[in-house]
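Reading through the structure tokens given below for one structure.
The analysis underlying the following values was restricted to heavy atoms, covering all of them including side chains, and did not include hydrogens, waters or symmetry mates. Please read these numbers as outputs of a predicted model, since none were measured by experiment. Along the sequence shown, residues are numbered consecutively beginning with 1.
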Amino acid sequence: MRALGRFFGSMRELRVESTEWYMHRSIIWGVLLIVSAARIARGDPQTATRQNQPARPAAATQPTTGPSETPTQKAASQATSRPTTPQQRKSAGDEDSPEEQAGQHSHVHQHRHTHPHAAATHHAASEDPPGYQATVYGHRAMTAASATVIRDRDFQLRPMRRPADILQVTPGLFVVQHAGGGKANQYFLRGFDVDHGTDLAISVDGVPVNMVSHGHGQGYADLNWLIPETVRRIEVNKGPYFVRHGDFATAGALNLVTYPSYKLNTVKVGGGMFNTLRGVASVGHKGSDWQPMLAAEYYTTDGPFDNRERLQRFNLFGKVTRRLAAGHSLFLATTAYGSDWRASGQIPSREVSAGRLDRFGSIDNNEGGSAQRFSVYGGYGGVIGDGTASLSAYFVRSSLNLYSNFTLFSRNTDRGDMIEQGDDRTLLGASGEYRFLKHWRKIAFDTAVGVQARSDTIAATLYDAPARERDRAVVDADILQTNLAWYAREGVRWAPWLKTIAGVRGDYFGFRVDDQLEDLSTRTTKTSGVRRALRLSPKASVVLTPHPSTDIYLNFGVGFHSNDARGVVRRLDPASPLTTAIGYEVGARTRLFSRLDIALAFFGLHLASETVWVGDEGTTEPSGATRRLGLEGEARLELLKWLFADVDVSVIWPTFVDAPAGERDIPLAPRLLVTGGISARHPWGLFGRAGFVYLGDRPATEDAYLTAEGFFRLDVTLGYRHKRFALELSLQNATNSKWREAQFATVSRLPTETALASCPPGTRAVGNASSFAGCEDVNFTPGWPINLQASASLFF
């Protein structure tokens, strides 16, 4: 284990000066290796049908342990999934449709013409409507080597202590939690510390999760309202190459698609250490025309912290799908969520190292919060003329009250620096798309046009609130932010070995802020106002197929994330409304010997303005331009018919572009992330997985004076599935590693720290003799220790 840690640690010592040379050499050798391996495999008769095999094969797609599929049903599904010839593929495909990226099975619907799925099919029409003839076949060419679709059977064997853990099946993505189990998670992807979602667009059934101009942080993406058992698949699109994705889709975009219904009803009860208890009940009916479903969840835990978390979470999810005649369908869904919790906070490393504070201890026991969310959304999908059309709309009502103390006693040496952040909003939105196929001679054209609209009405507040008692209002603003967008994309299959995709996206943003605390005595302090912004984002991709087993991808795209409206409209030093991201990628995917899938991608991403953490305010602010170069690899191997292995590796070189020498490190940006494991699903009903994650050390400050420590963690699951019941054990952090889940370089002050000399070695004193602010140190939230959980499920 230590040797593995030393090996991974040594990789981060690569010099930045030689970054581009190493990266280009690596990708050239990687592509040559994949093509050469494909030629070696040419003699295997099944290799020639790689385009008809899963991109994420059984090696990463274990049979479901939930109610979606019985073993008998799964065997029947596999029996009908026979490979077909490459000529049976659609001639041109959608850049980011489920069919293009499907890691399991795709469907071609034949209804006078061959139609792709409507865009709304990942909401309501995810199965074949009546009157359609379905030809089932496997994987076909995607748009990017890093794009994929991950099915339920891939993530259901992994321990999920919180809803957002379901995302960690995404190659190169890692999720952590700080400030209690009800707060939005912190995401790491492609060299980004995305914070709570600034550069990662997350949606569920097409409904955006990221919140603009949020009271806690831009792009705040809270998934605690999600019931993981309702998720059918995750659509993964990394980089800014896809016209359907706009705001926040710089590092990538994830869309979680829920089931249209359940085949079996389920009652699941589980619990374990740290007073953890979870109960889930789901019912559904898979009729020919109506498909209703309902799921409910209750979860509570104290966590391992001295200041008991006392987390309670309630979730409801309901959905009904109506199949109409001639391949049309409608659906309507609703969610409801409430949560309340306490938090241990982020504690200074110096106190733990000195032995004055346990690593699960707390300094301010009043941290925590409460959150509520309610939503209604629906959609339509069907065949219109020679194409398919989709429409969807959503309504979301949410609120958050969050109590945090990042700086401890830096500003208020008597009562402490606790703040209360509030966000109360109404979100309305709609989208529509029309897509059609045309042929001219042997050339196929796949055209799609779409529109999107979103409006957020927000009340954002910030108070100084020691011991949860409001002392002074710092922010009290009413915000209206709107986004109108259109996009067009043309995919052309010129030949069986060549496809191009070109598209453009246009966005209009409107920002209006009414600052209730505005200083009206002078014009230079204007903090209310209106501002508008326009943005065109071109995208282009090329897919080459030198051999039926191998695809090579070239991608380019311009994307963006919006900035907080309060900074955009202010007169003094306003922020840019939209931060531009320019991305490119070269990669390849191949399937060898009908058992091994390999993907390799080299990418670059240039961001006009980085977002960094400011600890004493508990917020983020823009900084200089950045560049990220990275190499991602993933592999899925079928060892036996019931035993599979997977590994994902991400190596990133993130730097500030124009910063002085010695200050070019992007704080907290991950540089090395390795995940993998072995999964099993035996025909006798036994299933399990042993999976690990390794996150390397990374700088916590621009000059790398402070370091966020890396870690290795091992999780194990073991269970038995019968037709009518299932039993499961999960052992999280099986090696009991003392790891840090979240880390920040923060200037904080303790009551005993009264002068510059109070800061111990390894920290930095901030301020001067007359105004001592505190010590800059790594403040952290500890990761959970070894943790055993058990559950029992009944199917009926």
Side-chain angles (χ1 to χ4, degrees), residues 9-24 188 190-195 198-199 218 250-251 349 406-407 410 560-561 563-564 567 572-576 578-584 603-630 651-672 696-710 743-748 756 759 761-769 771-779:
S10 66
M11 296 185 67
R12 63 184 175 88
E13 301 296 332
L14 293 173
R15 297 180 58 85
V16 173
E17 291 84 350
S18 59
T19 293
E20 297 188 26
W21 184 82
Y22 276 117
M23 296 301 294
H24 286 89
F188 298 108
R190 288 205 155 185
F192 279 88
D193 171 8
V194 180
D195 194 43
T198 308
D199 291 286
Q218 180 68 348
T250 51
S349 299
F406 304 101
T407 54
S410 179
F560 64 90
H561 71 243
N563 288 317
D564 194 294
L572 185 63
D573 193 23
S576 171
L578 307 175
T579 297
T580 301
I582 300 176
Y584 49 88
F603 72 89
L605 187 65
H606 299 256
L607 196 64
S609 178
E610 183 70 17
T611 300
V612 296
W613 177 259
V614 182
D616 57 352
E617 298 294 336
T619 59
T620 56
E621 70 176 16
S623 186
T626 60
R627 178 187 64 210
R628 288 169 172 83
L629 298 175
V651 183
I652 318 294
W653 286 264
T655 59
F656 281 107
V657 175
D658 300 321
E663 298 181 9
R664 295 181 178 176
D665 289 309
I666 301 176
L668 305 178
R671 303 187 170 207
L672 177 62
D697 291 352
R698 58 197 193 279
T701 55
E702 289 86 345
D703 59 359
Y705 180 79
L706 297 174
T707 299
E709 295 180 358
Q743 303 177 76
F744 303 96
T746 305
V747 178
S748 60
L756 299 175
C759 297
T763 68
R764 288 194 288 207
V766 177
N768 51 49
S771 59
F772 173 59
C775 308
E776 186 178 28
D777 192 7
V778 174
N779 289 14

**Asked** For the residue pair Pro670 and Asp193, what are the closest heavy atoms and their distance?
**Response** CD-N, 3.9 Å
**Message:** Treating Asp697 as the side-chain partner and Gly710 as the backbone partner, does any N or O pair qualify as donor plus acceptor under 3.5 Å?
**Reply:** yes
**Request:** Please check if the side chain of Arg698 supplies one atom and the backbone of Ala669 the other of a donor-acceptor pair under 3.5 Å.
**Result:** no
**Asked** Does any N or O in the side chain of Asp665 come within less than 3.5 Å of the main-chain N or O of Pro667, such that one atom is a donor and the other an acceptor?
**Response** no
**Asked** Which atoms form the tightest heavy-atom contact between Arg628 and Gly191, and what is the distance?
**Response** NE-O, 2.6 Å
**Minimum heavy-atom distance between Ala773 and Ser410, given as atom pair plus value** = O-OG, 2.5 Å
**Message:** For a 4.5 angstrom cut-off between non-hydrogen side-chain atoms, does Ile652 reach Phe603?
**Reply:** yes
**Message:** Tell me whether Ser349 contacts the main-chain N or O of Val778 through its side chain, where contact means a donor paired with an acceptor under 3.5 Å.
**Reply:** yes
**Message:** Is the shortest side-chain heavy-atom distance between Cys759 and Glu776 below 4.5 Å?
**Reply:** no
**Prompt:** Is a side-chain N or O of Gln743 found less than 3.5 angstrom from the main chain of Glu709, in a donor-acceptor match?
**Reply:** yes
**Fill in**
Distance col, row Phe192:CZ vs Leu668:CG, nearest 0.5 angstrom, shows 13.5 Å
**Asked** Can you tell me how far CZ of Arg627 sits from CG of Leu607, rounded to the nearest 0.5 angstrom?
**Response** 13.0 Å
**Request:** Locate the shortest heavy-atom distance separating Ala251 from Arg190; write the atom from each residue and the value.
**Result:** O-CD, 3.9 Å
**Message:** Tell me whether Thr198 contacts the main-chain N or O of Gln218 through its side chain, where contact means a donor paired with an acceptor under 3.5 Å.
**Reply:** yes
**Message:** I'd like to know if Arg764 pairs up with Asp703 as an ion pair, taking the criterion as any Lys NZ or Arg NE/NH1/NH2 lying under 4.0 Å from an Asp or Glu carboxylate oxygen.
**Reply:** yes
**Prompt:** How long is the span from the CG atom in Asp658 to the OG1 atom in Thr626, to the nearest 0.5 Å?
**Reply:** 10.5 Å
**Complete:** Residues Phe406 and Asn779: closest non-hydrogen pair is O-ND2, 3.8 Å
**Asked** What's the spacing between Phe772 CZ and Leu756 CG if we round to 0.5 Å?
**Response** 6.0 Å
**Message:** Pairing donors with acceptors under 3.5 angstrom, does anything connect the side chains of Thr763 and Asp777?
**Reply:** no
**Request:** Could you tell me whether a side-chain N or O of Thr655 sits under 3.5 Å from a main-chain N or O of Val657, the two making a donor and an acceptor?
**Result:** no
**Request:** Please report the shortest heavy-atom distance between Phe656 and Glu702, naming the atom on each side.
**Result:** CE1-CG, 3.8 Å
**Prompt:** How far does OG1 of Thr701 sit from CD1 of Ile666, to the nearest 0.5 angstrom?
**Reply:** 13.0 Å
**Prompt:** To the nearest 0.5 Å, how far apart are CG in Leu578 and CG in Asn563?
**Reply:** 7.5 Å
